[in-house]
Trainee: 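My questions all concern the structure below.
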Amino acid sequence: GLSGTTNTVSPATTTIYSVSASDATGCSSAMQTITVTVDPALALTAGTGGLKVCLGSSINLTASGSGGNGGPYTYNWSSSTGGTYTGTPWTVSPTANTTYTVTITDNCSPTMTAVVPVTVNPLPVVSMSSGASAGCGVPFCVNFTGTPSASCSTINWTYGDGDSSSASLTPNHCYAKPGVYTVSFSCKDANGCSASTTTPG
């Protein structure tokens with residue numbers, strides 16, 4: 001039931017409208033149809049929580065759009081530290097906890113925004129020592145001690161003679177041949193962040 005030469009409509013879904021014209025004598029034109037297409041709302045999916053990275057590492061921030069006019073979509077990123085980027089993914093290497101904001105547009109629908117917090121975990125600090133660094137005779141057995149700043153979920157020792165071990169912060173290793181050996185100790189903490197230290201050979 002609309003009348004007049006101009007009507008404003010705001011359909012919630014795609015709707016077909018029919019229109020005809022009549023003159024003062026009651027003669028009508030043929031019925032014409034007009035389809036008003038309503039696109040779905042613009043939607044944005046981004047990594048919105050629990051993103052963690054180890055200090056010195058990179059992480060890819062991704063976003064995915066849907067709805068609206070079907071794209072193409074433009075992704076504009078900004079960070080709480082002042083950086084900006086257009087596109088997806090955005091590879092970042094934050095040095096402190098940082099909040100990233102992504103805004104999507106399809107140049108038709110109202111824009112959508114998502115916030116992506118990234119937590120930066122420190123690397124464990126590691127050191128090692130040995131009960132003896134030189135001796136006579138073989139086998140020559142050495143007690144090693146690894147000291148991490150955090151609890152290690154994975155420990156690895158390499159002794160420079162082709163042998164390695166894991167699981168103990170205080171291993172004992174015996175060298176079967178005389179020589180100078182390079183020893184490494186590494187620790188991966190509960191956040192998956194790793195650090196290692198190596199003695200000169």
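Bear in mind the structure is a predicted one, so any value in this text is a computation, not a measurement.
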Trainee: When rounded to the nearest 0.5 angstrom, what distance separates CG in N97 from CG in N121?
Mentor: 8.0 Å
Trainee: Could you state the interatomic distance from OG1 (T74) to CG (N107), rounded to the nearest 0.5 Å?
Mentor: 5.5 Å
Trainee: Does a side-chain heavy-atom distance below 4.5 Å link T113 with L44?
Mentor: no
Trainee: Does the side chain of Y159 reach to within under 4.5 Å of the side chain of Y175, using non-hydrogen atoms?
Mentor: yes
Trainee: From I59 CD1 over to T91 OG1, what is the distance, rounded to the nearest 0.5 angstrom?
Mentor: 10.0 Å
Trainee: If I take atom NZ from residue K188 and atom SG from residue C152, how far apart are they, to the nearest 0.5 angstrom?
Mentor: 11.5 Å
Trainee: Side chain of D106, backbone of N69: donor and acceptor closer than 3.5 Å?
Mentor: yes
Trainee: Is the closest side-chain donor-acceptor distance between S166 and N156 under 3.5 Å?
Mentor: no
Trainee: Would you check if the side chain of T99 reaches a backbone N or O of S80 as a donor-acceptor pair within less than 3.5 Å?
Mentor: no
Trainee: Would you check if P148 and D189 make a side-chain contact, meaning some heavy-atom pair closer than 4.5 Å?
Mentor: no
Trainee: If you define the side chain from C-beta out and look only at heavy atoms, does anything of L123 sit under 4.5 Å from C54?
Mentor: yes
Trainee: Do the non-hydrogen side-chain atoms of T147 and S129 ever get within less than 4.5 Å of each other?
Mentor: no
Trainee: Where do S78 and T84 land on the side-chain hydrogen bond (donor to acceptor under 3.5 Å, both in side chains) test, with the steps shown first?
Mentor: CA-CA 4 Å; S78 63; T84 61; over 6 Å; no
Trainee: Measuring only between side-chain heavy atoms, which start at C-beta, is C193 closer than 4.5 Å to P122?
Mentor: no
Trainee: Here's a test for you: under side-chain contact (heavy atoms from CB on, under 4.5 Å), which of L169, T145, V183 qualifies with M128?
Mentor: V183
Trainee: Is any side-chain heavy atom of L61 closer than 4.5 Å to one of V102?
Mentor: no
Trainee: Tell me if the aromatic rings of F144 and F185 count as close, with their centers under 6.0 Å from one another.
Mentor: no
Trainee: Scan Y85, W90, W77 and name whichever one has a ring pair (Phe, Tyr, Trp, His ring centres under 6.0 Å) with Y100.
Mentor: W90
Trainee: Looking at T98, V118, V92, which hits side-chain contact (heavy atoms from CB on, under 4.5 Å) with L51?
Mentor: V118
